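Since the model is a prediction, treat every value here as computed from it, not as a measurement.
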Amino acid sequence: MADLQTVDPEVSRVKFERELANYRSMESAYRKRGWILLDAEFPEIFVVFAATKLRPPPIVAAIVLNFTDYDLRPPSVRFVDPFTREPIPAKLLQVQMLRRAAIPGATPETIQALAQQGGVQVTNMIQYNSPDDRPFICLPGIREYHDNPAHTGDSWLMHRSSGEGSLAFILEKIWQHGVKPIEHYQVQVQVQIPALNVLPSLLAVPE
């Protein structure tokens with residue numbers, strides 16, 4: 001569905017400014033997490049994420065949130081290049097949004113042991129059909145989720161008053177499931193061409 005403004009633009013703008021003000025009130029704390037808001041002009045907000053546990057801390061994700069028609073519809077979230085702001089295909093993503101299946105009563109040691117045996121189920125909340133597709137976050141409160149035909153039974157209006165779809169909610173989920181678990185670099189050298197990847201810690205992946 002195209003980004004059409006059917007709500008009175010001033011209504012969406014006021015709600016956009018409210019979301020932005022809420023973010024600004026916590027901006028110092030968010031920056032310590034590695035959230036950096038680079039630009040905000042209705043209807044878009046541009047945010048990059050750094051993995052602060054690593055040294056030096058890399059930028060691992062960048063998104064543009066679009067609040068057109070908010071909040072009759074939830075914000076759109078696009079992964080973009082942090083320098084050009086252009087949308088990127090799935091094959092260029094440097095981050096996953098992982099969710100670990102609940103294991104009631106399991107200790108960290110048990111989870112670690114199960115993980116070594118391949119006994120911990122982890123799903124990626126970032127979805128796409130092919131590496132060349134634009135990825136989207138499969139999460140209620142995000143426009144691409146509710147516009148997907150597979151989720152026609154989960155209307156945005158059922159979530160609208162819950163706080164899902166707010167700027168802070170979306171950024172928190174990306175950080176919690178995608179950025180916070182990253183704790184290590186992985187360096188590979190093949191034919192004198194180095195490859196540098198970031199790796200999440202399974203224990204840090206939330207359920």
Side-chain angles (χ1 to χ4, degrees), residues 30 33-38 45-66 74-103 106 108 111-148 150-151 154 164-165 167-188 194-207:
Y30 291 153
R33 291 180 167 190
W35 310 5
I36 306 170
L37 195 156
L38 294 179
I45 295 178
F46 179 30
V47 180
V48 301
F49 295 85
T52 59
K53 295 179 183 177
L54 277 60
R55 290 293 180 269
I59 294 174
V60 294
I63 61 167
V64 170
L65 302 99
N66 188 305
S76 166
V77 179
R78 302 193 314 271
F79 287 97
V80 298
D81 183 287
F83 303 103
T84 67
R85 198 166 162 169
E86 291 297 317
I88 61 172
K91 63 185 177 184
L92 296 182
L93 275 178
Q94 298 297 310
V95 69
Q96 303 178 78
M97 286 181 63
L98 301 178
R99 175 181 285 156
R100 175 167 49 84
I103 307 176
I111 294 172
Q112 189 70 46
L114 288 172
Q116 293 173 355
Q117 301 168 20
V120 178
Q121 182 180 355
V122 177
T123 56
N124 189 359
M125 298 161 66
I126 300 175
Q127 300 290 304
Y128 49 89
N129 292 320
S130 79
D132 293 315
D133 287 343
R134 291 184 184 178
F136 75 94
I137 301 173
C138 189
L139 182 71
I142 292 178
R143 184 177 306 171
E144 286 77 8
Y145 169 89
H146 292 286
D147 284 355
N148 190 299
H151 303 134
D154 193 12
E164 295 170 314
L167 175 61
F169 171 86
I170 293 171
L171 299 183
E172 177 77 24
K173 291 299 182 182
I174 294 172
W175 175 74
Q176 186 180 48
H177 290 270
V179 181
K180 184 183 178 183
I182 296 174
E183 297 183 348
H184 308 286
Y185 278 115
Q186 181 184 56
V187 181
Q188 297 175 332
L196 187 63
N197 300 309
V198 292
L199 295 177
S201 167
L202 186 60
L203 288 176
V205 172
E207 295 177 353

**With F49, the side-chain contact (heavy atoms from CB on, under 4.5 Å) member among V179, I59, I36** = V179
**Request:** Return yes when atom CZ of F46 has more than 12 non-hydrogen atoms of other residues, nucleotides or ligands closer than 6.0 Å, and no otherwise.
**Result:** yes
**Message:** Show, in sequence, the C-alpha distance, side-chain angles and deciding distance for I174 and V95, and conclude whether the side-chain contact (heavy atoms from CB on, under 4.5 Å) test is met.
**Reply:** CA-CA 9 Å; I174 294 172; V95 69; over 6 Å; no
**Asked** Between H177 and M125, is there a donor-acceptor pair closer than 3.5 Å when you use the side chain of the first and the backbone of the second?
**Response** no
**Fill in**
Heavy-atom closest pair (R33 atom, W175 atom, distance to 0.1 Å) is O-NE1, 3.3 Å
**Asked** Going through the checks in order, is the side-chain contact (heavy atoms from CB on, under 4.5 Å) test met by L37 and I45?
**Response** CA-CA 7 Å; L37 195 156; I45 295 178; 3.8 Å; yes
**Message:** I'd like to know whether CG of D132 has more than 12 heavy-atom contacts from other residues, nucleotides or ligands below 6.0 angstrom.
**Reply:** yes
**Message:** Once rounded to the nearest 0.5 Å, what's the spacing between atom CG of L139 and atom OH of Y145?
**Reply:** 8.0 Å
**Request:** Check whether any side-chain heavy atom of P75 sits under 4.5 Å from a side-chain heavy atom of I170, and report yes or no.
**Result:** yes
**Asked** Do you know which two heavy atoms are closest between A90 and P135, and how far apart they sit?
**Response** N-CD, 3.7 Å
**Request:** Enter the distance from D133:CG to Q127:CD here, rounded to the nearest 0.5 Å.
**Result:** 11.5 Å
**Message:** In the structure I gave you, are the side-chain heavy atoms of I182 and Q94 within less than 4.5 Å of one another anywhere?
**Reply:** no
**Prompt:** Do K180 and E172 meet the salt-bridge criterion of a basic N to acidic O distance under 4.0 Å?
**Reply:** no
**Message:** Looking at D154 and H151, would you say the former's side chain and the latter's main chain have a donor-acceptor pair under 3.5 Å?
**Reply:** no
**Item:** Nearest non-hydrogen partners of E164 and P140, listed with the distance
**Value:** CB-O, 4.2 Å
**Prompt:** So, does Q96 use its side chain to make a donor-acceptor pair with the main chain of L93 at under 3.5 Å?
**Reply:** no
**Message:** Before you tell me yes or no, could you show the steps for I137 and M97 under side-chain contact (heavy atoms from CB on, under 4.5 Å), namely the whole-Å CA-CA distance, both residues' side-chain angles and the distance that decides it to 0.1 Å?
**Reply:** CA-CA 8 Å; I137 301 173; M97 286 181 63; 3.8 Å; yes
**Request:** Could you walk me through whether Y30 and V47 pass the side-chain contact (heavy atoms from CB on, under 4.5 Å) test, one step at a time?
**Result:** CA-CA 11 Å; Y30 291 153; V47 180; over 6 Å; no
**Request:** For the residue pair V64 and R85, establish whether any side-chain heavy-atom pair is separated by less than 4.5 Å.
**Result:** yes
**Complete:** Residues G141 and H146: closest non-hydrogen pair is N-NE2, 2.9 Å
**Asked** If you look at every heavy atom in K53 and E183, which pair is closest and at what distance?
**Response** NZ-OE2, 3.2 Å
**Item:** Min side-chain heavy-atom separation T52-W35 under 4.5 Å
**Value:** no
**Request:** With I142 as reference, evaluate N148, L65, V77 under the side-chain contact (heavy atoms from CB on, under 4.5 Å) test and give the passing residue.
**Result:** V77
**Request:** Return yes if some donor-acceptor pair links the side-chain N/O of R143 with the main-chain N/O of P74 below 3.5 Å, else return no.
**Result:** yes
**Request:** First locate atom CG of D81, then atom CG of L92, and finally report the distance between them rounded to the nearest 0.5 Å.
**Result:** 8.5 Å
